[in-house]
Number of protein chains: 2
Amino acid sequence: MNSSPNIAEIASLIGEPSRIAMLVSLLGGKALPAGELAGAARISPQTASSHLAKLVEGGLIIQESYGRHKYFRLAGSEVAHALEALQAIAPAKPVRSLRESDRLKALQYARTCYDHLAGQVGVALTDKLLELKLLEKSGEEFVLNASGKMKLQAIGVGVEENAKSRRHFARPCLDWSERRHHLAGSLGAALTRRLFELGWIEKLPGNRAVRVTDTGWEGLSEQFGMTRLPR
Amino acid sequence: MNSSPNIAEIASLIGEPSRIAMLVSLLGGKALPAGELAGAARISPQTASSHLAKLVEGGLIIQESYGRHKYFRLAGSEVAHALEALQAIAPAKPVRSLRESDRLKALQYARTCYDHLAGQVGVALTDKLLELKLLEKSGEEFVLNASGKMKLQAIGVGVEENAKSRRHFARPCLDWSERRHHLAGSLGAALTRRLFELGWIEKLPGNRAVRVTDTGWEGLSEQFGMTRLPR
DNA sequence: TTCACACTTCGATCATAACCGAAATGTCTC
DNA sequence: GAGACATTTCGGTTATGATCGAAGTGTGAA
């Protein structure tokens, strides 16, 4: 019917509740085994297997075998970007249970978004970078200026090697919970990686939620003048 | 099940061939009446009506009534952006007929992408802007520098008022046919609007395809040193 | 008022695909 | 090799939703 590339196929692949649940789990950036993904989507392993095969076929995820386990991860940042773009136009979903509500609050507070930091903390950090004039807006895009480069290098973020990579360097990413932008792209990923290395943030057992440690708040306050955000 | 916003709902809304056909038609940026959208998707008016109601309900399109006609248009540039992001990860679709093939070639040559210029011509123009150092890449983002601003103002593109708008100013947009970036965002839209005003490009009867006029080639050659691209 | 037209609502049909039980395949441990 | 475990294949059931014919609503023109 339609001459453009096959969006319908890819979108209907994404538009299935169980598959979305699995894709969202993979948005954390980690590779996960089939069984765990089945659990996340609350479906039987057989059904999950069928869905995963379709997602691989469609090029959305990539499969790696380790012994009797099969691990799956997102096929790349373009896929994550498409999921983010969909999140940005998706209506908020009503919360069902108290447990859900707690999980949701944790996610809204701080989480990883594929490979960079999002949620209240992510947005606040991005705001501070802008406020301190380390990062600038060019139109609606972010640009890291000379003092920003120095500052980030000082705390050990590899800036130079990332600037060369083909991927978007300092892309803004629309936060679904805050409805405001946070820092994404390879710079956002490098910064977030460093925050983990420094022990300033750490993953919570739940899927993508993140906690800022006490030393983390000290560091963020010292380096960027951030004050501890109320939960 | 899942705590994040309701991507599944929105994606399954998008992931239906007839609805995609209608959304892609609306990517041209114009508002279209229900009947025309039904024709584009090759479905009966009843079916189209049902689909359109769902799209409105889902917030993807907006409805305006003029007398006994109802016009529909995309709800905003976020929706267009999400569709583009999906296009970027969608596999190319096999071509069916000769007529299709012609239509496809016209689209690949030059078309509007929501509100800016895409296809071979769009990518070539963006390349020229970069080559002439009017536009620069910052990481993977575009920035319009001082000489670029002057040049575009000289041919009548309203640059200042756009820089202030909340929308992305000079976003790169991945071209599905060329697999390379062209200029999007509010600057891309303003430039394209001006090209229409100048009569350098004009819409072809088919949906989104665009033709470069003879005066258009003259102007593009004079202003940006572009040579006529073979079809 | 009458007709034509654009669109919507209702109802029934039909195709698709999500789902799981049962059984098979493959891999690791003992 | 035996048994446990992760994943897949097969088959049959079932729910969902896309589709269109027929009839209804609302608008504009004659």
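Both backbone and side-chain heavy atoms feed into the values below; hydrogens, waters and symmetry mates do not. To find a chain, count down the sequence lines: A is the first, B the second, and so on, and within it residues start at 1.
Of all nucleotides in DNA chain D, those with any atom nearer than 4.0 Å to a heavy atom of chain A start and finish, going 5' to 3', at D:dA4 to D:dT9.
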Set out, in order, the CA-CA distance, both residues' side-chain angles and the distance that settles salt bridge (charged side-chain N to carboxylate O under 4.0 Å, His left out) for B:E197 and B:R194, then state yes or no. CA-CA 5 Å; B:E197 281 172 16; B:R194 183 62 182 151; 2.9 Å; yes
List the steps and the verdict of salt bridge (charged side-chain N to carboxylate O under 4.0 Å, His left out) for B:R73 and B:E64. CA-CA 8 Å; B:R73 59 186 169 82; B:E64 281 163 22; 2.8 Å; yes
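Between the side chains of A:S50 and A:T47, no donor-acceptor pair is found at a separation under 3.5 Å.
No option in A:L60, A:L32, A:L37 other than A:L37 meets the side chain to side chain contact (heavy atoms under 4.5 Å, CB included) test with A:M22.
Remark: side-chain polar atoms of A:R111 are not paired, donor with acceptor, to backbone N or O of A:L117 under 3.5 angstrom. Although no hydrogens or angles enter the test, the distance criterion places a donor-acceptor pair under 3.5 Å between the side chain of B:T192 and the main chain of B:G188. For the pair B:T213 (side chain) and B:W200 (backbone), a donor-acceptor distance under 3.5 Å is present. No donor-acceptor pair closer than 3.5 Å links the side chain of B:R193 to the backbone N or O of B:G158.
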Counting primed atoms plus P, OP1 and OP2 as sugar-phosphate and everything else as base, spell out the protein contacts along nucleotides 9-21 of chain C at 4.0 Å heavy-atom distance: B, S or - for each nucleotide, 5' to 3'. B--------SSBB
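Nucleotide C:dT8 holds its P atom 12 Å from the CG atom of B:L55, rounded to whole Å.
Using cut-offs of 30° and 60° for the angle between ring planes, the B:Y71 and B:Y66 rings count as perpendicular.
Between B:Y109 and B:V210, every side-chain heavy-atom pair lies at or beyond the 4.5 Å cut-off.
Residues of residues 56-73 of chain A having a heavy atom closer than 4.0 Å to DNA chain D, listed by number: A:R68, A:H69, A:K70.
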